[in-house]
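Worksheet: one structure, shown below.
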Amino acid sequence: MSVANTLREAIEKKIVVGFIFNEKTYIGSPHALGESDGTSHVLIYRGEDAHAKGVPPTGEWSTLPLSDMTDMKLLPQEPFHTGHPDAHAAKGLHKVDLRVA
């Protein structure tokens, strides 16, 4: 399955993904697919979200180009980050094709 198709499924089903970006391994909760400057990007919360009371999330919002993401896999056993991006992070995606409902 392609990176785009895996991300589409992850967004539709609210599933965490594992992937490699800039030669580093990450996990993240993808929230939107679209375009930025004419290329396909994903708005994703990179890092973990324990969902435990009093335990802050240990991640950050990023807008990443799909072309730089490899080894994409679904991780349904991981907790999906349900927070919302701040205004700055949300602006990284200029055109949204799909977002978490």
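Note that the numbering runs from 1 along the sequence shown for the chain.
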Identify the heavy atoms of [X] and [Y] that sit nearest to each other, and give their distance.
X     : Y     : answer
Ser29 : Val16 : OG-CG2, 3.7 Å
Ser36 : Gly92 : OG-O, 3.0 Å
Phe21 : Pro65 : CE1-CD, 4.1 Å

[atom1]-[atom2] distance between [X] and [Y], expressed to the nearest 0.5 angstrom:
X     : Y     : atom1 : atom2 : value
His31 : Leu93 : NE2   : CG    : 12.5 Å
Ser40 : Met69 : OG    : CE    : 11.5 Å
Leu7  : Leu74 : CG    : CG    : 8.5 Å
Leu66 : Leu33 : CG    : CG    : 6.0 Å
Asp97 : Ile11 : CG    : CD1   : 9.5 Å
Thr63 : His94 : OG1   : NE2   : 8.0 Å

Next on the checklist: Go through it in stages, so that I can follow the logic: the residues are Leu64 and Phe19, the test is side chain to side chain contact (heavy atoms under 4.5 Å, CB included), and I'd like the CA-CA distance, side-chain angles, deciding distance and then a yes or no.
Outcome noted: CA-CA 12 Å; Leu64 305 177; Phe19 60 96; 4.0 Å; yes
Checklist entry - Less than 4.5 Å apart, any side-chain heavy atom of Arg8 and any of Leu98? => result yes
Item to check | Intermediate values then yes/no, side chain to side chain contact (heavy atoms under 4.5 Å, CB included), Leu43 and Val96 | outcome: CA-CA 9 Å; Leu43 174 62; Val96 175; over 6 Å; no
Checklist entry - Would you find a donor on one side and an acceptor on the other, under 3.5 Å apart, between the side chain of Tyr45 and the backbone of Gly83? => result no
Item to check | His88 backbone acceptor or donor facing Asp86 side chain under 3.5 Å | outcome: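 Confirmed, Asp86 side chain pairs with His88 backbone.
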Next on the checklist: Go through it in stages, so that I can follow the logic: the residues are Met1 and Met72, the test is side chain to side chain contact (heavy atoms under 4.5 Å, CB included), and I'd like the CA-CA distance, side-chain angles, deciding distance and then a yes or no.
Outcome noted: CA-CA 9 Å; Met1 189 181 303; Met72 182 72 57; over 6 Å; no
Next on the checklist: Please say yes or no: joined through hydrophobic side-chain contacts below 4.5 Å, possibly via intermediate residues, are Ile20 and Tyr26 part of one cluster?
Outcome noted: no
Item to check | Near-ring test His81/Trp61, centroid separation under 6.0 angstrom | outcome: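 Under 6.0 Å, so yes.
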Checklist entry - Looking only at side chains, do His41 and Thr39 share a donor and an acceptor under 3.5 Å apart? => result yes
